Amino acid sequence: MLARHTRGGVVGLGMVLAMLAGGARGSAQEYVVDRDADRLVRFVSRAAIEEFDGVTDRIDGYVLLDGAALSADTRGDETELYFEVDLGSLETGIGLRNRHMRDNYLEVGEHPYATFKGHIIRTEATSSGDFRVTASGGLAIHGVEQPRDLTCRVTPVGLGYRVVCGFEVLLTDHEIEIPKVMFLKLANEIRLELDFTVTADAGTGERP
């Protein structure tokens, strides 16, 4: 079960929703990753002699806004977001490459998830009706967290939002060894691309 991280430790999502229902943040609106919608997490490695992708749809998480819906004024410590990607589900198209990447380099047995936790620091409305949202927080991969500011395009859809973003990660920043074996030529700089939808959680109302 996905758990909410707080200063006092980790509490279950159900407990947090109960707190919200009780008025802890009466004007807040929570959105959760829509598991019924298309989800894609892709990493792209472009080494000198080989390029390949790893993909998964195993992303989960939530966004807590400081109001009923996203707007150009959305920002600050009252916002909160947390996402996690199941690295053990990454698929590169070659079984041997999958196993070596998961077991020998990402070490998913010990570090099963890549996570990002932070808050929104800037929201810009665009002329096309969507938003450019920048979040500041910590990106943790392989058990090593690095501070990051990430910017995504966020588009209203139904009772939620589609989130699309891409950014670069240096594996050495997260203490991941760069493999040199013949069947896994992995670049140090990896591009991560995410495309998923969050929807209004039933426990906190609906987006207008």
Side-chain angles (χ1 to χ4, degrees), residues 2 5 31-34 37-48 50-65 70 72 74-77 79-92 101-102 105-108 111-126 128 130-157 160-179 184-198:
L2 181 68
H5 292 253
Y31 295 85
V32 296
V33 171
D34 187 349
D38 290 339
R39 294 167 290 161
L40 177 66
V41 178
R42 183 197 313 273
F43 82 80
V44 182
S45 170
R46 296 188 176 94
E50 183 179 18
E51 176 179 334
F52 68 92
D53 296 355
V55 299
T56 181
D57 64 356
R58 300 288 296 276
I59 181 172
D60 204 354
Y62 64 83
V63 178
L64 186 65
L65 301 182
L70 191 65
T74 300
R75 67 177 65 85
D77 292 340
T79 64
E80 183 179 328
L81 52 88
Y82 173 81
F83 294 104
E84 62 184 30
V85 175
D86 179 4
L87 297 178
S89 64
L90 282 171
E91 173 61 55
T92 69
M101 182 180 64
R102 296 170 185 167
Y105 300 101
L106 296 178
E107 298 179 304
V108 298
H111 311 292
Y113 298 104
T115 67
F116 181 79
K117 180 179 185 292
H119 64 277
I120 296 171
I121 60 172
R122 183 169 57 256
T123 303
E124 303 169 86
T126 73
S128 59
D130 56 11
F131 300 89
R132 284 176 51 85
V133 178
T134 300
S136 181
L139 176 67
I141 305 174
H142 196 237
V144 178
E145 183 175 285
Q146 296 287 352
R148 291 294 302 262
D149 289 353
L150 303 179
T151 299
C152 299
R153 186 177 79 248
V154 179
T155 305
V157 288
Y161 300 92
R162 180 183 179 188
V163 181
V164 178
C165 54
F167 54 94
E168 278 66 40
V169 173
L170 294 180
L171 297 185
T172 49
D173 283 349
H174 298 274
E175 299 180 7
I176 299 173
E177 180 184 353
I178 308 302
L184 183 53
K185 302 294 186 182
L186 193 60
N188 183 35
E189 184 176 88
I190 301 295
R191 179 163 179 82
L192 288 180
E193 299 173 349
L194 301 93
D195 187 344
F196 60 94
T197 300
V198 295

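These figures come from a predicted structure and were not determined experimentally.
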Looking at Ile141, Asp173, Leu170, which one forms a side chain to side chain contact (heavy atoms under 4.5 Å, CB included) with Gln146?
Asp173
Residues two or more places apart in sequence or in another chain: which of them pass ring-ring contact (aromatic ring centres under 6.0 Å, His included) with Tyr113?
none
Does the side chain of Val63 reach to within under 4.5 Å of the side chain of Glu80, using non-hydrogen atoms?
no
Check this for me: does any side-chain nitrogen of one of Asp195 and Arg162 sit under 4.0 Å from a carboxylate oxygen of the other?
yes
Set of ring-ring contact (aromatic ring centres under 6.0 Å, His included) partners for His142, sequence neighbours left out
His111
Side chains of Leu90 and Met101: closer than 4.5 Å at any heavy-atom pair?
yes
Only distances under 3.5 Å count here; give the side-chain donor-acceptor pairs of residues 118-125 to other protein atoms, sequence neighbours excluded, each with its distance to 0.1 Å.
{"residue": "Arg122", "atom": "NH2", "partner": "Thr134", "partner atom": "OG1", "Å": "3.3"}
{"residue": "Thr123", "atom": "OG1", "partner": "Thr74", "partner atom": "O", "Å": "2.8"}

Run the salt bridge (charged side-chain N to carboxylate O under 4.0 Å, His left out) test against Asp86 and tell me which residues pass, sequence neighbours left out.
Arg58
Would Glu189 and Arg191 satisfy salt bridge (charged side-chain N to carboxylate O under 4.0 Å, His left out), going step by step from the backbone distance to the final call?
CA-CA 7 Å; Glu189 184 176 88; Arg191 179 163 179 82; over 6 Å; no
Ser89 side chain to Thr56 backbone, donor-acceptor under 3.5 Å
no
Whether over 12 other heavy atoms sit under 6.0 Å from Glu168 CD:
yes
Heavy atoms of Ala187 and Leu171 approach each other most closely as O-CD1, 3.6 Å
Is there a side-chain contact between Asp53 and Phe43 (heavy atoms, below 4.5 Å)?
no
Are Tyr62 and Val198 packed together at the side-chain level, in the sense that at least one heavy-atom pair is separated by less than 4.5 angstrom?
no
Give the minimum heavy-atom separation between Val154 and Leu70, together with the two atoms involved.
CG1-CD2, 3.7 Å
State, to 0.1 Å, how close His174 and Val169 come at their nearest heavy-atom pair, and which atoms those are.
CD2-CG1, 3.7 Å
Minimum side-chain heavy-atom gap Pro156-Phe131 below 4.5 Å:
yes
Going by the rule side-chain contact (heavy atoms from CB on, under 4.5 Å), which residues pair with Arg153 if we only count those two or more places apart in sequence or in a different chain?
Asp130, Thr155, Val164
Interatomic spacing from CG in Asp60 to CZ in Phe196 - rounded to 0.5 Å
10.0 Å
Do Thr197 and Val157 have side-chain heavy atoms sitting under 4.5 Å apart?
yes
Verify whether one side chain among Glu107 and Tyr105 offers a donor that lies under 3.5 Å from an acceptor in the other.
no
Decide yes or no for Leu194 and Leu40: does some side-chain heavy atom of the first lie under 4.5 Å from some side-chain heavy atom of the second?
no
Looking only at heavy atoms, what is the nearest atom pair of Thr172 and Asn188, with distance?
N-OD1, 3.0 Å
Pairwise distance CG(Leu64) to OG1(Thr79) - rounded to 0.5 angstrom
8.0 Å
Between Val44 and Arg46, is there a side-chain heavy-atom distance shorter than 4.5 Å?
yes
Residue pairs fulfilling salt bridge (charged side-chain N to carboxylate O under 4.0 Å, His left out) with at least one residue in residues 133-152, sequence neighbours excluded
none
Please tell me whether Tyr82 and Phe116 form a close aromatic pair, meaning their ring centres lie under 6.0 Å apart.
no
What are the two closest non-hydrogen atoms of Val108 and Gly88, and how far apart are they?
CG1-N, 3.9 Å
Decide side-chain contact (heavy atoms from CB on, under 4.5 Å) for Phe167 and Leu139; before the verdict, give the C-alpha distance in whole Å, the side-chain angles of both, and the deciding distance to 0.1 Å.
CA-CA 12 Å; Phe167 54 94; Leu139 176 67; 4.0 Å; yes
